[in-house]
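Worksheet for the structure shown next.
In each ligand, atom 1 is the first atom listed, and ligand 1 is the first ligand listed.
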Amino acid sequence: MELLYKSTRGGQSGVSASRAILQGLACDGGLFVPERIPALELSLGAFAQMSYQETAYEVMKLFFTDFTEEELKNCIKNAYDEKFDTDVIAPLSRVEGAYYLELFHGATIAFKDMALSILPHLMTAAAGKNQIKNEIVILTATSGDTGKAALAGFADVPGTRIIVFYPKDGVSPIQEKQMVTQKGDNTLVVGIRGNFDDAQSGVKAIFGDQELQEKLARAGFQFSSANSINIGRLVPQIVYYVHAYARLLENGELSEGEPINVVVPTGNFGNILAAYYAKQMGVPVAKLICASNENRVLYDFFRTGAYDRNRPFILTTSPSMDILISSNLERLLYQIAGSDAGKDVELMDALAAEGRYEITSQMKERLKDFRGYYATEEETARTIASVYEDTGYVMDTHTAVAACAYEKYTAETGDRTKTVIASTASPYKFTRSVMEAIDQDRCAGMTDLELVDELSALSGTGIPKAIQEIRTAPVRHKTVCGVSAMKETVLAFLGAEQE
Ligand SMILES: *Cc1c(COP(=O)(O)O)cnc(C)c1O
């Protein structure tokens, strides 16, 4: 049965999966949601026998119904391959009674790889299905992580180009090195003289420039976006929750149907929403524990029913969660409002105008599977240190926020349900913060790359390829421009200056 998509704001409906992926955001500014959430067609026991790729197919085929079996299997094969440093793709590690679902074994050693490895393939297949002959041009502004994961995903994918703008002085040295050494003739990385907001506004202006789009269309190009609200990023994230449950079943850690809790370190609310979708598909998830850092806007929301972004933006050691507007929350709001687009528009308008909104008591009632917890900077560091001292396992700062939230949850509730903690980045991605948490003195006077060797020695783990590579890789991208020159830079890269 074909599954179609509609906008949370009511302005678009009956959209095929492939069109929703190509479009990204709905025309009315809403997010695409499926008309219903499909149930798994196989028993959890059957998934226990499957590889990650096989599970991916069984889950994605239920959402992407206008893709053929061959198209979808090709996308999966091209995504989850040797780019991952383990053939199980998303391994589970048992540490102190919890199961860490390691989502950082891909090309850029963070969980964004789980979806961004497959999105380019879904997009080119979608373009083919919709008779789109233009090359797809991905345009992204990044504060560091998403840009690199998108570059790695789109590099050398035929029929696509990718242009990433980052604030020249606003990313870490390792992040910058990761981006400017990016290979692939279809990639362009540009440093902006400005901050992240300047880069973001510049990209938005290009997306909104009708004249430019027409000019590019004549030259054979069209823009698309790889950001986390694309349904083509959300659905691949459901897969690992199904797979994790099945692995635990296979290993005899669970009996079929036994509930688990999941804890997810949250920023834009994509990862935890995927877990909620997995639950609705039939994975026995009891509680969804939403872990925040000091930007605890979601913690407050789950406690009070009021979402309020009017607060200082705090820079933390878990930067991928430094977010005050969690875009994917809109999909949850729409669902708990009983698919009421009018209500969704009302709340989103209030968010845009006043920076806050409050849900009804009936909506709040429907959130009872969620719990919010947060970790301070000090608690995050202490969690990294104590888990390391007790077990030898070294986790990154984002994962530590989740581990701390889990500890607070069990202390408060006494709930001993088996728990999967989403581990979203390799400790090597945030080496300095991790090493400082474990041994402040050891870090004094060391560069980030020297600390990488220290981390390897201390944890007894090999340095991931993603980090090894940047030590010797040549710089391929040297373009730096002012915000006002972003449009010309795009045109020049596409060879479309001339009319
Ligand atoms: C993006 C990211 C998150 C937050 O995930 P959301 O889906 O935006 O909630 C957490 N940890 C890391 C390392 C990330 O890169």
Side-chain angles (χ1 to χ4, degrees), residues 31 90 100-117 119 140 142-153 171-172 174-175 178-179 196 226-241 262-278 288-299 301-302 316-332 370 372-375 380 383-384 394-405 421-431 433-434 464 466:
L31 273 54
Y100 287 80
L101 176 60
E102 296 184 353
L103 304 173
F104 56 75
H105 289 271
T108 75
I109 58 176
F111 112 94
K112 304 285 188 294
D113 292 328
M114 301 304 296
L116 280 167
S117 326
L119 183 68
T140 308
T142 185
S143 53
D145 277 352
T146 304
K148 178 61 191 181
L151 283 163
V171 300
S172 80
I174 289 190
Q175 283 177 322
Q178 274 191 306
M179 287 192 280
F196 172 65
N227 74 27
S228 88
I229 49 84
N230 195 310
I231 195 77
R233 277 185 64 180
L234 186 60
V235 170
Q237 295 177 177
I238 301 169
V239 174
Y240 45 76
Y241 290 106
V262 299
V263 189
V264 185
T266 296
N268 234 340
F269 210 75
N271 198 358
I272 193 167
L273 185 69
Y276 188 49
Y277 278 22
L288 297 122
I289 298 163
C290 174
S292 301
N293 64 23
E294 287 181 0
N295 295 292
R296 40 177 255 197
V297 63
L298 287 166
Y299 165 84
F301 171 70
F302 284 116
T316 72
T317 52
S318 45
S320 305
M321 297 159 67
D322 290 346
I323 285 176
L324 291 180
I325 297 189
S326 295
S327 323
N328 268 297
L329 189 64
E330 185 172 345
R331 289 189 165 108
L332 180 66
F370 288 88
Y373 286 86
Y374 77 98
T380 305
T383 302
I384 294 173
V394 180
M395 65 178 72
D396 99 289
T397 45
H398 303 74
T399 309
V401 168
C404 180
I421 298 177
S423 177
T424 51
S426 158
Y428 287 95
K429 188 137 198 171
F430 299 95
T431 312
S433 302
V434 169

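- For Thr266, no nitrogen or oxygen atom sits less than 3.5 Å from a nitrogen or oxygen atom of ligand 1, counting backbone and side chain alike.
- The closest side-chain heavy-atom distance from Asn271 to Thr266 is not below 4.5 Å.
- Of all protein heavy atoms, the one closest to atom 11 (N) of ligand 1 is Thr424 OG1, 2.8 Å.
- If you check which protein heavy atom lies closest to atom 9 (O) of ligand 1, you get Gly267 N, 2.8 Å.
- Of the possible donor and acceptor atoms, one in the side chain of Lys148 sits under 3.5 Å from a partner among the backbone N and O of Gln178.
- Taking distance alone, with nitrogen or oxygen atoms compared against 3.5 Å, His398 stays at or beyond that limit from ligand 1.
- Within the 4.5 Å cutoff, the side chain of Met114 has heavy atoms near those of the Tyr240 side chain.
- Ligand 1 has no nitrogen or oxygen under 3.5 angstrom from a nitrogen or oxygen of Ala110.
- In terms of polar-atom proximity, Asn271 is counted as a contact of ligand 1, with an N or O under 3.5 Å from an N or O of the ligand.
- Of all the heavy atoms of Phe111, the ones lying under 4.0 Å from any atom of ligand 1 belong exclusively to the side chain.
- Under 3.5 Å, the side chains of Arg331 and Asn328 contain a donor-acceptor pair of N or O atoms.
- Listed by atom number, the atoms of ligand 1 under 4.0 Å from Ala425 heavy atoms are 13 (C).
- Proximity to Phe269 (heavy-atom distance under 4.0 Å) selects the following atoms of ligand 1: 6 (P), 8 (O), 9 (O).
- Taken to the nearest 0.5 Å, the CZ atom of Phe111 stands 9.0 Å off from the CG atom of Leu116.
- For ligand 1, the atoms lying closer than 4.0 Å to a non-hydrogen atom of Gly270 are 6 (P), 7 (O), 9 (O).
- Taking only nitrogen or oxygen atoms, main chain and side chain alike, Lys112 reaches within less than 3.5 Å of ligand 1.
- Counting only heavy atoms of the protein, atom 8 (O) of ligand 1 lies nearest to Asn268 N, 2.7 Å.
- Under the 3.5 Å distance criterion, the side-chain polar atoms of Thr140 are left unmatched by any main-chain donor or acceptor of Thr142.
- A donor-acceptor pair under 3.5 Å links the side-chain atoms of Asp113 to the main chain of Thr108, judged by distance alone.
- Considering OG1 of Thr317 and CD1 of Ile384, their distance stands at 6.5 Å, rounded to 0.5 Å.
- Aromatic ring centres of Tyr277 and Tyr241: separated by at least 6.0 Å.
- Taking 4.0 Å as the cut-off, Pro265 counts as a neighbour of ligand 1 on heavy-atom distance.
- Within the 4.0 Å heavy-atom criterion, neither part of Lys429 lies near ligand 1.
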